[in-house]
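Okay, so here's the structure we're looking at.
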There are 2 protein chains.
Amino acid sequence: MKISFIGAGNVAWHMAKAFGVSNQQIVEVYSRNIKNADLICSKLYNSLPKDDLDFSKSNAEIFIITVSDDAIEEVIGDAVFPANSIVVHTSGTKSIGVLDNLTDCRTGVFYPLQTFSKSKPINFKSIPICIEANDEETEQVLEKLAFKICENVCFYNSNDRKVLHLAAVFACNFTNHLLTLSKQILEKEGLEFSVLKPLIEETIDKAMINDPEKSQTGPAVRNDQKTISEHLKMLRKDEILENIYSIMTQSILERN
Amino acid sequence: MKISFIGAGNVAWHMAKAFGVSNQQIVEVYSRNIKNADLICSKLYNSLPKDDLDFSKSNAEIFIITVSDDAIEEVIGDAVFPANSIVVHTSGTKSIGVLDNLTDCRTGVFYPLQTFSKSKPINFKSIPICIEANDEETEQVLEKLAFKICENVCFYNSNDRKVLHLAAVFACNFTNHLLTLSKQILEKEGLEFSVLKPLIEETIDKAMINDPEKSQTGPAVRNDQKTISEHLKMLRKDEILENIYSIMTQSILERN
């Protein structure tokens, strides 16, 4: 399939390379800053970097928008696509409806459920790609496209994706922040965070294998009030940490 | 070295086997319920299961107490040890002082910083073992002992261990609970938790490699108030989830 990318950030960087490896043709890569587009094109075979949004003469069949959520609507407003081409965005939070103005195109969502950074290679094979389309034919094209780079294609509508994103905030964003807090607690006392790494990795490993409900350990699930009140005493000078400790403990007591 | 275990739970199960593999002699394994002691001894060479705490005629040099935190003091009160033997507990939360009544013995702490379950094999090599002793000679013996089964020996006093434990509650117990909450959010809408697994694994992986502070993503760190208030609206019927979302968001905004 012939694909063009609109946006040259982390998602485009990894996804375009994955498509390249699977012998799909990346026709163009657009970025407001042509240097970013150049960088991705330099890793691909015969791709054109662009800094304008006129795709009227493009021979791409699918346009994948990878700009940040807030920029999608602006890009859509400015871009010109060939009639009947497929235009998808890659956002977990934006509804398929943000593409409704593209009345001449077939629209959809092509959302890789993963966090990307340029510096860290990623194996696309294991990433779930979540697909939504306004018609069955487009859905089939997107499914076929997804299977070129991954082994796990899911069909979610815009509401499911919203729930998924909320769940990911708890499981990933908040989890990462707990690690930050843990690191700060240790460093304040001159202790190194690295000593906790094997324990953290085993905890996540267990939760993934056995289910997190069944893997809960610690003073809260044992209702060990003596340790809980000792911990709260240690946190007394830090209101937010104290509040987080209390509410997480309460939640474990109620839900486990 | 000649070692005896007091307690036959998950810690003894894994630690005794690790010592066995490294050719240390496990002289005895004590459990109130002799069947548990039998089970561990059956995996070892020439070890005696016991259900009484009279070790006066034991030829073990080191006694490792692996009973639950709350049972340590009772066991200490009842046990009889050979004079001048080394007695250690394996608790992260209990102070070295709980062994002070053993005036004829040398005492210490031998705390493996890991979570153990019988059903899941574990590689002791990568586990930090945290050591504390009341005298330098005992500390050296414990250090030597630890290096028989692991590659990472740390020296922490009882106060450091308390901080470490508090940090582990944030990094492991609370983290695991966030995964439970995430799973419940998904399942309530008929969605499967497994779809998030690659994202969770990558999130933890990044935090371990790059530092969690530098890896924070999501609406809170972007101060994306539109998404934050949408999420709070979705959680409106669940006070605890709403509170956790608010306080974690506030903490990310203040600390990142």
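Just so it is clear, the model here is predicted, and its values are computed rather than measured.
- The greatest number of non-hydrogen atom pairs below 4.5 Å with chain B, out of A:T249, A:T175, A:L164, A:N159, is found for A:T175.
- Within the 4.5 angstrom heavy-atom criterion, only side-chain atoms of A:I122, from C-beta onward, approach chain B.
- Only the side chain of B:V169 comes within less than 4.5 Å of a heavy atom in chain A; its backbone stays farther off.
- A:K120 places no side-chain N or O within donor-acceptor distance of the main-chain N or O of B:K206, the cut-off being under 3.5 Å.
- A salt bridge between B:D238 and A:R255 is present, with a side-chain N of the basic residue lying under 4.0 Å from a carboxylate O of the acidic one.
- Take B:D100 and apply the side chain to side chain contact (heavy atoms under 4.5 Å, CB included) test, not counting sequence neighbours, and it matches B:N134.
- In this structure, chain B has no heavy atom under 4.5 Å from any part of A:N123.
- Distance CG/A:N176 to CD/B:E213: 9.0 Å, rounded to 0.5 Å.
- Put simply, the side chain of B:Q216 gets close to the backbone of A:N173: a donor and an acceptor are under 3.5 Å apart.
- Of the charged side-chain nitrogens involved, none lies within less than 4.0 Å of a carboxylate oxygen, so that A:R222 and B:D70 do not count as a salt-bridged pair.
- Without hydrogens or angle criteria, B:K197 side chain to A:M208 main chain gives a donor-acceptor distance under 3.5 Å.
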**Message:** Using the rule given for side-chain contact (heavy atoms from CB on, under 4.5 Å), can you reason through A:K188 versus B:V163, listing the C-alpha separation, both sets of side-chain angles and the distance that settles it, and then say yes or no?
**Reply:** CA-CA 10 Å; A:K188 211 179 139 204; B:V163 175; over 6 Å; no

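- Residues of residues 11-18 of chain A placed with any heavy atom under 4.5 Å of a heavy atom in chain B are absent; none qualify.
- In B:E74, the CD atom is not crowded: 12 or fewer heavy atoms of neighbouring residues, nucleotides or ligands sit closer than 6.0 Å.
- With a 4.5 Å cut-off on non-hydrogen atoms, A:L166 touches chain B through its backbone and its side chain both.
- Panel note: side chain B:E189, backbone A:D160; no donor-acceptor pair is recorded below 3.5 Å.
- Checking B:F170, B:F174, B:Y245 one by one against A:F174, the ring-ring contact (aromatic ring centres under 6.0 Å, His included) holds for a single residue, B:Y245.
- Interface remark: A:N210 contributes no atoms to any contact with chain B (heavy atom separation under 4.5 Å).
- Within a 6.0 Å sphere centred on CD of B:E187, heavy atoms belonging to other residues, nucleotides or ligands number more than 12.
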